[in-house]
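By convention in this document, chain letters (A, B, ...) are assigned in the order of the sequence lines, proteins followed by strands, and residues within each chain are numbered from 1.
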Amino acid sequence: MDKDTFVEMIKDYRVAIYLVLLITSIIVIFPHPGPSGIETNLQFGLDLDGGSWIQLEFQSAVVTFKSDMSVEQFVTDLKTKLDAEVSLVDENTLEIRKGISEEELRQVFSELDTELVSYNPGVTKATAEDVKRILENKINSLGTRDAKVYVITALNGISRYVRIEMAGVSMGEAQEIVGKQGKFEIRIHTTGNETEHVLFGDAIQSVANPSQTPPNSNNWGVSFVITQSAGEDLRQAAINSGATKSPDGHNLDMILDGKVVYSAPLSPDLAAELQAKATTNLLASTGYGEEGREQAKLLEIHLRNGALPVGVTIAGSGSVSPELGDQFKFWSVLAGIFALIAVGISVYIRYREPGIVLPMVMINASEVIILLASTVFFLQLDLATIAGLIAVLGTGIDQLVIITDEILHEGKVPSPNLYMKRLKRALGIIIASAGTVLIAMLPLAVMDLSTLRGFAMITILGVLVGVLVTRPAYGRIIMSILSK
Amino acid sequence: MNFFTYDISSISPVKLCVIPAVILLLSLLSVGMMWMQTGLPVSPGIEFEGGISVTIVTDESPEDITAYFSGYPLVSVNEGINNGKYLKFGPMDDSTVIEFTKKVEERYKGAKIDQIGSSFGKTLQDQATIAILISFIGMAIVVFVVFRTFVPAAAVVVSAFADMVMTAAAMNLFGIQLSLGTTAALLMLIGYSVDSDILLTSRVLKRKGRFDEKMQGAFKTGIIMTSTTFGAILAMWLVASIGGIQIIAEIGAVLLIGLLFDVMNTWLTNAGIIKWYMTEGKGRLSTAQRGA
């Protein structure tokens, strides 16, 4: 190929797009020397970096119903019958926070003359977000290095699982962290900076969601109920410290794991009430507006002591040690390289022409680079994804062979006109088969079969990058090479 | 490169399809029997059935390991290379799982533990079934849209179906269990299988020339396609097996089996149906278009 054909080739939009994408990809991956060998921007999954995951299943169901009873009456009756927390999501949807099967629930509903219209195990988006926040808070407060919490939500908007991934933590540690309750305490200021113990977290019986008092006032707070004896303790502490007489200067501190998370004086009302008698219903107000609401949400978590608003069971869990992860990394890179070599050998046996074999292998390798770069943005590179990457390498080379053979039909290099016609025909075959791969993998990418999502996404991406960018570019490059 | 010439000019369409038909029948039988036993076409692994798998590196004997884990539902101990041991346990309840994890980590540092609860396994199983169904139907729709003629499109779909069923039967034969990885591989097979089928069918339908020559040309391209893919996957499977990467090795094994069946189903099953269509089936519809 002389200089002119080369320049002309690069100027072709197919080749230009391919080159730009390839160079961008290398920049995105950004391989550079670091303290532990070559470092990149690639995000590795737990099975390559080492760490643990736990997937929890909510003991809860979201149901819709049709009832002749008034909604309030029905919810109240249902609560007593099930002995469970039941909350109204909208006028005919309920969230029942108890692990109960559809059959059992249908039985209970029929006793209340209500029709169970639909049953979905899981929680609403709002509850799922709460759980996520609580877990994140808990994990962060324990100083865990690198943790991610994912809520797994089905297409109908109901979340059945939450998945926690923690890098560099063994499974035993992970279970402990997730299951661990924070140490919560309320203390009262006596004189100066001195404080005195009032109650521990176990004295808190229930915590309500953040609310406004009075309603719609935008004055946020969290109300909670403490045990009878803790109520007495609080009264004694308030009287002894002088808080009932002069609330200011005798703040109540809420402390989680040794850190003050909330501090406020008794309200005048409460101070007066405590002077007279003990109370078990308390309200901690957090202020006005959006900030008050955020504060209230946080406080709710603290009051709940790190406990989740809904029961959970372990659906699944797993762990890989960092050493094993490193080993997997090494072997999967090796698997990729050997696959590429195998591809090179087999096309060489077929064509015996470096002018064809080299571009083929290079296009194939650059598809892998482009795909790796695309994972930086929205995928973690795990073992299944790597298997997908190598499988894509397999289909990719298939299609390069189709192009080459279509064009070289009868062993001769055709005129540019005929060439383009044949390239189009080859791309037609490729688009058809790419379409089927895309459709075949789509369900896996949309559904959440945890580990397989990466595999499906990388396959789909591979098909798209191949059909739109690399294979047309290959067609153009091979034309310049062959028409020497 | 000509190992042998693909010449089916003297073989009747029915004869071409006999061997694949017999294998398909046997495969359906194997898959059907497994279905009756387990509710799935391939014997389900831990991910679909629930249970715990533990991978450890130790020079202890299987007997020692069995003794250490007495009291837990140990199903099997498999030995790999380099003292690797792969233990399988049945499902346990939450508190037992936590207790069990501690017991594993106490003795075997760096163990790889995977646990799936039985109800979660059931959910995964249902989802995987739906995924395979949707994928297959979607693939069939695309193929019919592309060819817009019934017989050639049906030939592609039948070959893909045969690929999957035969591979599933082979998995039962070799004791490869159905896991998330192998499910993905089966889905990937749809793509691989359709690749060479579409090549064959569009070469024969859309190009001019003698039928047998077009078949030979398609075969030459098709077989190199399959063998390069086979080479790539073989390398992946070998390296992953040596390196002990279970999931990649499983995916690789299933793809390799599937690719072999794909060669048969493309060049016997699909070729047979297409030949019948070009020489007889289509002839009945319009004699004017009868092939050479």
Given a strict heavy-atom distance threshold of 4.5 Å, which part of [X] is in contact with chain B: side chain, backbone, both, or neither?
X	result
A/F455	side chain
A/I402	both
A/F330	neither
A/T395	both
A/S52	neither
A/R352	neither

Evaluate whether atom [atom1] of [X] has more than 12 neighbouring non-hydrogen atoms of other residues, nucleotides or ligands under 6.0 angstrom away.
X	atom1	answer
A/Y119	OH	yes
B/W237	CH2	no
A/F338	CZ	no

Quick check: closest heavy atoms across [X] and [Y], and the distance to 0.1 Å?
X	Y	result
B/I134	A/P443	CG2-CG, 3.8 Å
B/S227	A/S346	O-OG, 4.3 Å
A/A335	B/V239	N-CG1, 3.5 Å

Between A/V401 and B/T221, is a side-chain contact (heavy atoms from CB on, under 4.5 Å) present by the stated rule, with each step listed? CA-CA 7 Å; A/V401 169; B/T221 305; 3.9 Å; yes

Quick one: what part of [X] sits under 4.5 Å from any heavy atom of chain A, side chain, backbone, both or neither?
X	value
B/L187	both
B/A111	backbone
B/I245	both
B/I247	side chain
B/I233	side chain

Side-chain donor-acceptor contact under 3.5 Å, A/D398 with B/T229: yes

Between atom [atom1] of [X] and atom [atom2] of [Y], what is the distance when rounded to the nearest 0.5 Å?
X	Y	atom1	atom2	result
B/K206	A/I429	NZ	CD1	8.0 Å
A/L444	B/Q127	CG	CD	10.0 Å
A/Q175	B/Q115	CD	CD	7.5 Å
A/S317	B/I52	OG	CD1	6.5 Å
A/L56	B/F120	CG	CZ	10.5 Å
A/Q55	B/I116	CD	CD1	7.5 Å

Does the side-chain contact (heavy atoms from CB on, under 4.5 Å) test come out yes or no for A/I439 and B/I141, once each step is laid out? CA-CA 9 Å; A/I439 294 286; B/I141 292 173; over 6 Å; no

Step-by-step side-chain contact (heavy atoms from CB on, under 4.5 Å) determination, A/R350 to B/T228: CA-CA 10 Å; A/R350 165 74 173 82; B/T228 29; over 6 Å; no

Do you know which of [options] has the most heavy-atom pairs under 4.5 Å to chain B?
options	value
A/A440, A/G428, A/A387, A/G344	A/A440
A/L383, A/L324, A/V343, A/I397	A/L383
A/I314, A/T313, A/V437	A/I314
A/G396, A/G50, A/A391, A/A342	A/A391

Measure from the side-chain N and O atoms of B/D114 to the backbone N and O of A/G318, and report whether any donor-acceptor pair falls under 3.5 Å. no

When you measure from the side chain of B/E105 to the backbone N and O of A/M171, does any donor-acceptor pair fall under 3.5 Å? yes

Steps toward side-chain contact (heavy atoms from CB on, under 4.5 Å) verdict (A/Q399, B/D195): CA-CA 8 Å; A/Q399 309 201 330; B/D195 236 20; 3.5 Å; yes

Check: A/D405 and B/M225 side chains under 4.5 Å, non-hydrogen atoms: no

Does any part of the side chain of A/W331, heavy atoms only, come nearer than 4.5 Å to the side chain of B/I248, both counted from C-beta? no

At a heavy-atom distance under 4.5 Å, which candidate from B/G231, B/G217, B/A184, B/A160 has the highest pair count against chain A? B/A184

Greatest number of non-hydrogen atom pairs under 4.5 angstrom with chain A, of B/I132, B/I190, B/I98, B/L238, falls to B/I98

